[in-house]
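Working notes for the structure below.
Only this structure's heavy atoms are used, side chains among them; waters, hydrogens and symmetry mates stay out.
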Amino acid sequence: GKLPMAPPRRGSSYRTDETPEPEEYERDDYADDDRPRSFFRSAFDYNNDGDVISEIATEMLSITLSFVDWALHVAFAVWLYYRFPDTLYSNLSIAALVVAVVVNLMAIVRYILRNTSDPESSLRMRIKEYPENSTMVLILGTINVEVLIFLSEEHRDHANFRMLGLLTNTFEGLPMLAIQMSLVQLELASVWHPLIIVSFSFTLFTLVLKGLRAWITWWTRDIEEDEPDLLIGENLTPEDWGAQALALVAYAFAVGQAVWLRALTFARGVEGTPFEAEVRTLFGVSVAACCAVGVANFGLLTAYLARPGWGNSLMWKEAFKSAALAFLGLVHGSAFNGFTQNDARYTEVKRDAILVWGAFFAAPLFYAQVTLALHLDCAAYACTVSALGANAGVMVFAPLAALCACAAYNAARLVVALAVASGAPVEDGVYAYDEDTPLRSEPVGGRERLPIVFSIWLSLLDVSLHVSVGCYLLVQHRLGLATRRPEALDTSAIVLDPDSPLPARATPGEQWQAALFVVGVAVAAKFTVLAAYLVRGATLSLKSALFSFPGVSTCVALVSAASVEASAVLASEARDLDALRALAGVGVCVEDVPMAVLLCYRVLYWVPSPVEQVSLAVTAVVLGLKLPRAAAVAL
């Protein structure tokens, strides 16, 4: 009456003695387990370890950029077709898309025919192993050849496909850029149409980024057997990133100011006047500076890549990351330090990058901005001159302030880099600074550091008061002009000594210029003497501190432009401390003595303001304390 037992189902763990043992399958030579290989993962699994997430993400990002660029071009061509049908611009845009597809198809056919003749080639084996996936990749490759990297496991094929991907940018991107620029120049229909702005910006970004990647790959693809000590970008410090951020801000301000200057030429009150020609000249200078710094940094990178042993294999194996750093380096070459492998090359790149940025960008742009600020002075032109919704005050002085801040920071970085490199013990490009460097003079004790802090604080207060006096006189000058009172808006104008000299009856215009000029010259003098000492006279222990703390040293060097003694916080020897105290006398002579004369002049012939009275008192204290001390230490 029992029911017969059902036979075991497939997959059941039930076994009998008659059940045959499972067959032993050989493991796949390309994988670590029995699971089938993924088409996308296997293309980047160079070491057969499965760690390919970052490589796939990077390559997919690059391919996404290409396809977004292509989609914008298609949208632009469709917009032209309906907006300007049967015109040269519409026909050229469609022709650029078609020509790019044909060129990509020819490049694909030629490359596959030349590289699949070997039966053992990775390209041929993967096409046979994944025929459906390969067909889809080949179809997408007609839009951009870079997609074909999934058809090979070889680094060299990947590098070649990335370089061939530049065909799309050349035969499609460049014509689209030319068409869009022509539309803007000829002012056809919607000159600033959002589609034109987005497409033009994205195409230019993609073209430069992919061009840099192909250029780096071309110079470094023959490097295969090296073993770099540092990864791409690992040698960059927070100080480098800070300099890069400041340079990007200054560059963005410069581009915005150039656009504003272009619009200003058509503003009411400017168009048709002699000032229009000056604005056009300054616009040309700004655009030339923005372009020149990119070309100069590109030449600098090329000179580095041409040197034997400068590049490494990671630069073409991680080509997209290298291109991203190179793209940042077009604005400021400090980003090229992401490719360096030792201290000597790091210092060299930092020095060259700062000098190139200063010569090709900061100097011409500073000239243009200062000239524009002088022309738009409220004494000669109305400060309400505006274009594109921004007035002169914002579009003149904000870019100038950003440029000056970036220039000061880079100057401090340059001084620290030169000081570290001068006289440093070098072993295979690495600075052999030792934390236990023996001192050549007595160490600085704790009791000596408290007076240093007080002296630095007093100097900073003194400089800030001098700047405040100059700004106060500037405000008085501007208010006096605004009320059309030539004697300036100052209560002392009605109680002047009748026997006072003629300049005392004038507006404070010359006085604020003199005050700020003295402060500017003093800052430059103090920074110069500090730089000379750090490079030529500093002890090895002080240079070791500069090397160990580059970011802090840069900030200290900036503060030292106001007080040379600020660098004493890094000193470990009495020799450095005494030298910095003596050099502080330069700032006292160049700044405090002229400012004391100016302030006494104001007190004698004008009713001084509270800020002038406090500044005069602090200046007298500084003269009484620091000048004799500097003389005693120097002697």
**Prompt:** Does some side-chain heavy atom of V279 sit less than 4.5 Å from a side-chain heavy atom of R262?
**Reply:** no

Checklist entry - Does the side chain of T220 pick up a donor-acceptor pair with the side chain of K317 at under 3.5 Å? => result no

### Query
If we only count heavy atoms from C-beta on, is the L174 to L207 side-chain gap below 4.5 Å?
yes

Next on the checklist: Applying side chain to side chain contact (heavy atoms under 4.5 Å, CB included) to Y304 and F339, what does each step give before you reach the verdict?
Outcome noted: CA-CA 10 Å; Y304 290 147; F339 306 134; over 6 Å; no

Report task. Indicate yes or no: at least one non-hydrogen side-chain atom of W241 is less than 4.5 angstrom from one of L328. Result -> yes

Closest non-hydrogen atoms of L166 and A214, given as atom of the first, atom of the second and distance, are CD2-CB, 3.9 Å

- Does any N or O in the side chain of T281 come within less than 3.5 Å of the main-chain N or O of A277, such that one atom is a donor and the other an acceptor? yes

Report the relative orientation of the aromatic rings in W79 and F76; use parallel for angles under 30°, tilted for 30 to 60°, perpendicular for over 60°.
parallel

If you count heavy atoms of other groups shown closer than 6.0 angstrom to CZ of F171, is the number above 12?
no

query = Counting N and O atoms only, with roles assigned by atom type, does the side chain of S93 sit under 3.5 Å from a partner on the main chain of S90, one being a donor and the other an acceptor?
reply = yes

Worksheet item: Got more than 12 heavy atoms from elsewhere within 6.0 Å of CZ, R536?
Response: no

Original post:
Would you find a donor on one side and an acceptor on the other, under 3.5 Å apart, between the side chain of Y89 and the backbone of F84?
Top reply: no

message = Closer than 3.5 angstrom, by distance alone: can the side chain of Q341 be matched with the main-chain N or O of D229 as a donor-acceptor pair?
response = yes

Next item on the list: Given side chain to side chain contact (heavy atoms under 4.5 Å, CB included), test F336 with D352 step by step and report yes or no.
Entry: CA-CA 10 Å; F336 298 153; D352 295 343; over 6 Å; no

Here the pair of heavy atoms bringing L301 nearest to A326 is CD2-CB, 3.9 Å

Pair F298-W215, ring pair (Phe, Tyr, Trp, His ring centres under 6.0 Å): steps then yes or no: CA-CA 10 Å; F298 177 75; W215 189 249; 5.6 Å; yes

If we count only N and O atoms by modelled type, under 3.5 Å, do the side chains of D240 and Y346 hold a donor and an acceptor together? yes

In this structure, CG of N342 is separated from CG of N235 (nearest 0.5 Å) by 8.0 Å

**Asked** Quick one: do E318 and R213 make a salt bridge, cutoff under 4.0 Å?
**Response** no

Here the pair of heavy atoms bringing F320 nearest to T58 is CB-CG2, 3.4 Å

For Q257, the side-chain hydrogen bond (donor to acceptor under 3.5 Å, both in side chains) test, sequence neighbours excluded, returns Q369

d(Q244 CD, N337 CG) to nearest 0.5 Å is 10.0 Å

Check the side chains of N297 and H332 for a donor-acceptor pair under 3.5 angstrom, ignoring hydrogens and angles.
no

Is there side-chain contact between I354 and R413, with at least one heavy-atom pair below 4.5 Å? yes

(message) Below 30° counts as parallel, above 60° as perpendicular, anything between as tilted: where do the rings of F361 and W357 land?
(response) tilted

>> Determine whether a donor-acceptor pair (N or O, by modelled atom type, separation under 3.5 Å) exists between the side chain of K526 and the backbone of A562.
In response: yes

Worksheet entry | Crowding at CZ, F360 (>12 non-hydrogen neighbours, <6.0 Å) | no

To the nearest 0.5 Å, atom NE2 of H73 lies from atom CZ of F202 at 9.0 Å

Closest non-hydrogen atoms of P175 and T170, given as atom of the first, atom of the second and distance, are CD-O, 3.4 Å

Can any side-chain N or O of S422 pair as donor or acceptor with the backbone N or O of A419 at less than 3.5 Å? yes

### Query
Heavy-atom distance under 4.5 Å between the side chains of C404 and F366, does that happen here?
yes

d(I143 CD1, S66 OG) to nearest 0.5 Å is 10.5 Å

Practice item. Side-chain contact test, heavy atoms from C-beta onward, threshold under 4.5 Å: evaluate it for V293 versus L330 and give yes or no. Key: no

All heavy atoms of S313 vs all of I223, minimum pair found to be CB-O, 3.3 Å

Worked check of side chain to side chain contact (heavy atoms under 4.5 Å, CB included) between S563 and V463: CA-CA 8 Å; S563 174; V463 175; over 6 Å; no

To the nearest 0.5 Å, atom CE of M181 lies from atom CE of M176 at 15.5 Å

So, the side chain of S334 versus the backbone of A243: is there a donor-acceptor pair under 3.5 Å, distance only? no

Tell me whether Y367 at atom OH has more than 12 heavy atoms from other residues, nucleotides or ligands lying less than 6.0 Å away.
no

Take E59 and I149 through the test side chain to side chain contact (heavy atoms under 4.5 Å, CB included) and record every step on the way to the result. CA-CA 9 Å; E59 196 58 47; I149 61 171; 2.5 Å; yes

One should read off an interatomic distance between D69 CG and T203 OG1, to the nearest 0.5 angstrom, of 4.0 Å

Residue set satisfying ring pair (Phe, Tyr, Trp, His ring centres under 6.0 Å) with F205, at least two apart, ordered chain then number -> F327

*Do W219 and T302 have side chains that get closer than 4.5 Å, going by heavy atoms?*
yes

All heavy atoms of V285 vs all of A368, minimum pair found to be CG1-CB, 3.9 Å

Would N104 and T168 count as a side-chain hydrogen bond (donor to acceptor under 3.5 Å, both in side chains) if you check the C-alpha gap in whole Å, the side-chain angles of each, and the deciding distance to 0.1 Å? CA-CA 7 Å; N104 288 336; T168 301; 3.0 Å; yes

Salt bridge check: are R307 and E348 linked by an N-O gap of less than 4.0 Å? yes

Original post:
Does the side chain of T340 reach to within under 4.5 Å of the side chain of W310, using non-hydrogen atoms?
Top reply: yes

